[in-house]
Amino acid sequence: LREIKDISSLVDIHYIRQKEPKGLGDAILKAEKHVGNEPFAVLLGDDIIKAEIPCIKQLTNLFGRYNKSIIAVEEVPKEKVSSYGMIKGREMDEFIYRIEEIIEKPSLEEAPSNIGTVGRYVLTPAIFDCIKETKQGSGTEIQLTDAIKLLMEKEEVFAYSFKGKRYDAGDKTGYVKAIIDFALEKEDLKAE
Ligand code: G1P
């Protein structure tokens, strides 16, 4: 009980509902008043990442070094390219890229590479004004990816090929794989 009580005193949790499904960019803008003028992390709950060092910690460490917005990325198979934000970058350091192009859910022909964004971002607060300038994009939603494109006109934005395994639980097979892989690691479940 003490352990659980201690967890609840570690952080203050504020939440806000996005009352209409107007896209990821719009959802993030709703949090502006909580974030204020500071860099902040975005974690998309349907991307589950198993890693020795939490993926967002890997990104915050790099933010500490470069002071630039930074997005987790990984290679994406051809048939999944149109499900993600896809980037092209110039390698700056091992596994770290400066993003030169970013496009939300492109066709295979439009995709600038096979590197896709994963739902972990550390962003500078300049993104909020960029979201305000962003018009409806893919799926008629206000896309974070499109706002990042505007941010790139003002600041460099980096991508990091993170260490760990990502499960896209927004995809049915990804969801099933995540459950089975995590169960296989549990002593009380793995044999069965
Ligand atoms: C969102 C983002 C997309 C990103 C993806 C990662 O898409 O819009 O750029 O690649 O998360 O999971 P969604 O999963 O909401 O379709």
Side-chain angles (χ1 to χ4, degrees), residues 16-32 40-51 54-60 62 68-89 95-124 127-128 130-153 157-179 181-182:
I16 188 149
R17 279 184 57 221
Q18 180 191 28
K19 296 189 182 89
E20 290 170 81
K22 288 194 197 158
L24 177 58
D26 175 71
I28 289 168
L29 188 55
K30 294 272 177 291
E32 183 181 18
F40 62 101
V42 174
L43 295 85
L44 304 186
D46 58 359
D47 272 328
I48 297 173
I49 298 175
K50 196 192 281 175
C55 181
I56 200 70
K57 177 73 178 152
Q58 298 176 35
L59 296 182
T60 53
L62 290 169
K68 305 283 180 206
S69 295
I70 183 156
I71 311 172
V73 293
E74 68 173 9
E75 280 185 24
V76 167
K78 281 197 180 83
E79 64 279 11
K80 287 283 162 70
V81 159
S82 59
S83 303
Y84 300 118
M86 300 299 295
I87 67 146
K88 192 178 122 201
F95 306 115
I96 299 169
Y97 305 85
R98 185 160 53 81
I99 302 181
E100 292 178 331
E101 279 180 57
I102 186 164
I103 169 165
E104 180 69 9
K105 302 194 169 75
S107 65
L108 192 55
E109 295 71 41
E110 289 168 323
S113 80
N114 65 340
I115 307 288
T117 60
V118 171
R120 299 290 186 279
Y121 311 75
V122 173
L123 300 169
T124 62
I127 193 71
F128 292 123
C130 298
I131 297 173
K132 289 171 200 161
E133 286 169 35
T134 299
K135 310 252 174 337
Q136 283 187 346
S138 162
T140 69
E141 295 182 347
I142 305 291
Q143 294 293 347
L144 177 63
T145 299
D146 295 338
I148 289 171
K149 210 169 172 169
L150 296 179
L151 184 64
M152 282 158 52
E153 292 172 12
V157 179
F158 286 6
Y160 176 59
S161 179
F162 69 98
K163 307 218 163 27
K165 180 163 168 55
R166 178 266 199 118
Y167 300 87
D168 181 358
D171 167 274
K172 286 175 195 154
T173 42
Y175 182 74
V176 173
K177 277 185 195 163
I179 292 177
D181 269 16
F182 279 81

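Model, not experiment: these values are computed from the prediction. Note that ligands are numbered from 1 as they come in the structure, with each ligand's atoms numbered from 1 the same way.
Between E74 and R166 there is a salt bridge, with a side-chain nitrogen of the basic residue lying less than 4.0 Å from a carboxylate oxygen of the acidic one. Between R120 and D47, none of the side-chain N atoms (NZ, or NE/NH1/NH2) sits under 4.0 Å from a carboxylate O, so this pair counts as no salt bridge.
Protein heavy atom at the shortest distance from atom 6 (C) of ligand 1 is D47 OD2, 3.3 Å. Annotation: atom 13 (P) of ligand 1 to nearest protein heavy atom, K105 NZ, 3.7 Å. Given atom 5 (C) of ligand 1, the protein heavy atom at minimum distance is Y84 CD2, 4.0 Å. Among all non-hydrogen protein atoms, the one lying nearest atom 4 (C) of ligand 1 is T117 OG1, 3.4 Å. Here the heavy atom of the protein found nearest to atom 14 (O) of ligand 1 is D46 OD2, 4.1 Å. In this structure, the protein non-hydrogen atom closest to atom 2 (C) of ligand 1 is E104 OE2, 3.7 Å.
Taking the ring centre of Y97 as origin, the terminal cationic atom of K88 falls outside the region bounded by 6.0 Å and 45° from the ring axis.
Annotation for V73 and A159: closest pair CG1-CB, 3.8 Å, computed over non-hydrogen atoms.
In this model, a donor atom of one side chain and an acceptor atom of the other lie less than 3.5 Å apart for E104 and T145.
Every residue was checked against the side-chain hydrogen bond (donor to acceptor under 3.5 Å, both in side chains) condition with N114, not counting sequence neighbours, and none meets it.
Residue contacts with ligand 1 for L44 involve side-chain atoms from C-beta outward but no N, CA, C or O (heavy atoms, distance under 4.0 Å).
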